[in-house]
Every structure is written in C-alpha cells, then in structure tokens.
Amino acid sequence: MAHPILVVEDLTVSFDGFKAVDSLNLYVEQNEVRVIIGPNGAGKTTLLDLICGRTRATQGTIKFKDKELTGLAEHKIVRAGVGRKFQTPSIYENLTVYQNLEVSFPRGRSVFGALAFRRTADVTERVERVAEEIYLRDQLQTEAGLLSHGQKQWLEIGMLLMQEPELLMLDEPVAGMSVRERQQTAKLLARVSADRSVIVIEHDMEFVKNIAHRVTVLHQGKVLAEGSMERVQNDPRVIEVYLGH
Ligand code: ADP
Ligand code: MG
C-alpha cells in the first residue's frame, strides 16, 4: 500500500474491561471506498466513534494524512477533514434544503455570529453543486421535514459534503431506503469517492457489492478478514460468524 490517508494501529477501547475494539489495524487509501461489515456488536460504530473523536481510545493511534487524531476534540477532527454521518439523520426539519446546506458551509473563525454570515457567491455555488449531487436540486426550497426518509439521508450526506471532507464516514446510510434509492446512493458514493476516501458500515450485501473497493469484516472488535468482496464472501470464517446467518 503506497501511502494510506488513514492509518489506524493497535486501536483499543475498553468499556469496564470489555474491549469493544481490540488491537485493530486499518489502512484506507485515498479515493478508496471501504465497507465495514460484521455482526451486531462487532465494534463497527465504536470504530467510527473513535476516529471522529466521540469516544476516546484506551490504546493505539489514528493518523489521518500523517496527523495524529487521538486526543483531538471532535471539531478539530472535522477541521482536519473527517466528516461522519450517524445512523439517524440529524437535519434541521424546519429549515429548507437550501438552508440546511447553507448552515453547513464551514465558516472557520469569523467575526460574524453563528448564523449571520455573508451569503457569498461561494456558498451559493457550493450549495447548488452539492444539491445536484444528492438529487435535491429541485427541492432547494422544500422544508427538510417534508422530504422522504431517503432524501433526508441524502441531505445529511450533502451537509457533510458542504465541508468538503477528505474522509467521509457513513453508518448504515441505506437502511430504510427503497431499492431505487439504494441504487442512487451507490452512484452518489461512487461519484464522491473520486475526490475523497469513504468508509461505509453496511449490512445490505447487494449494496456492499455495488460500492466496495475493499471490505473489512469486524468480529469481536478485531479484523476477521479483509479484501475484495469476492474474497471475504468465500472466507469460511466470515460465513461462519456473519454471512451464514
Ligand atoms: P456494531 O456497530 O458493530 O453493532 P457497536 O460498536 O455499537 O457494534 O458496539 C460494540 C460493543 O461495544 C457492543 O457490545 C456494545 O454494547 C458495546 N459498547 C458500545 N459503546 C459502549 C459504551 N459507551 N459503553 C459500554 N459498552 C459499549
Ligand atoms: Mg452499529
């Protein structure tokens, strides 16, 4: 592997002696779509919590573009270029699609108040580009609360894209989506990974097959198998603990 953008080594988190993530190594390349699968309780969500700084590691390192992330506050990890989407969408239901995207534009340290920033051509341009990408170009003036479940998921991905993260992490993004929405989401992820790396946790194997460059199988906080979809699918240990059920 040439020079991975994300290097996770010996990562461990212990909750009262229980290791939810246990001496884990993970290397993700630039422009790679990595899918993480594994049974419930395997430590998948906890791994994302550790990378985005929501949970503190007990041991190990997380390097993103050679910068150590362990110990950094969540907002600093966002500023370093890591965006993370949780399982349930956290959009502003009372704001329009446009406004949801607009408030997600990174403002850095400015003299303006949190919401009273200038509506520069820059912001408008990016809102429109992102809206196009997430299939909501014609819904910019729609109140977010009126969108379908799938569209809300896309909007939240769009809110992350507004910050132009170099690593995008998504926890079960197609749960509850229709077949057509899943296909559109697969296309969306293929497009966005042209400019960045993506880590996706997913259970839908059809979707995984569609999007994954490589698959990592987690089990009891450890990497059980890793490689192409084809390779992990035929791994007897993976069939035993996950795919066979
Ligand atoms: P997955 O996303 O793979 O289903 P999780 O990462 O959510 O699994 O959970 C892994 C294990 O860690 C589970 O047994 C879960 O109960 C436990 N766990 C997760 N977060 C905490 C926490 N804050 N305190 C105690 N146990 C936790
Ligand atoms: Mg989970």
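Side chains are part of it too, since the values below use all heavy atoms of this structure and drop only hydrogens, waters and symmetry mates. In each ligand, atom 1 is the first atom listed, and ligand 1 is the first ligand listed.
Listed by number with element, the atoms of ligand 1 under 4.0 angstrom from any heavy atom of Ala42 are 1 (P), 3 (O), 8 (O). Short contacts between ligand 1 and Thr46, defined as distances under 4.0 Å to a heavy atom of the residue, involve ligand atoms 5 (P), 6 (O), 9 (O), 10 (C), 19 (C). Remark: ligand 1 atoms within the under-4.0 Å shell around heavy atoms of Asn40 are 4 (O).
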(message) Would Thr96 and Gln139 count as a side chain to side chain contact (heavy atoms under 4.5 Å, CB included) here? Give the steps.
(response) CA-CA 8 Å; Thr96 64; Gln139 314 279 344; over 6 Å; no

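Look at Glu156 and Lys152 and you find no salt bridge, because none of the NZ, NE, NH1 or NH2 atoms lies under 4.0 Å from a carboxylate O. Glu202 and Arg182 are not joined by a salt bridge, as no carboxylate oxygen comes within less than 4.0 angstrom of a charged side-chain nitrogen. Ion pairing between a basic and an acidic side chain is recognised when a charged N comes within 4.0 Å of a carboxylate O; Lys44 and Asp171 show no such pairing.
Shortest contact from atom 7 (O) of ligand 1 to any protein heavy atom: Thr45 CB, 3.8 Å. Closest to atom 4 (O) of ligand 1, if we only count protein heavy atoms, is Gly41 N, 2.8 Å. Of all protein heavy atoms, the one lying nearest to atom 17 (C) of ligand 1 is Phe18 CE2, 4.0 Å.
For Asp10 and Gln59, the side-chain atoms include at least one donor-acceptor pair closer than 3.5 Å. For the residue pair Gln30 / Ser197, no side-chain donor-acceptor distance below 3.5 Å is found, with atom types taken as modelled.
Protein heavy atoms come within 4.0 Å of atom 14 (O) of ligand 1. There is a protein heavy atom less than 4.0 angstrom from atom 25 (C) of ligand 1.
Residue Phe15 has no N or O atom closer than 3.5 Å to an N or O atom of ligand 1. Geometrically, ligand 1 and Ala20 share no nitrogen or oxygen pair separated by less than 3.5 Å.
Note on ligand 1: Gly38 sits outside its first shell, no heavy atom being nearer than 4.0 Å.
Of the inter-residue distances, the one linking Glu143 atom CD with Ile91 atom CD1 reads 10.5 Å to the nearest 0.5 angstrom.
Linking Ile, Leu, Val, Met, Phe, Trp and Tyr residues whenever their side-chain heavy atoms come within less than 4.5 Å leaves Val78 and Phe64 in two separate clusters.
With a cut-off of 2.8 Å, the Mg ion (ligand 2) has an N, O or S atom of Thr45 in range.
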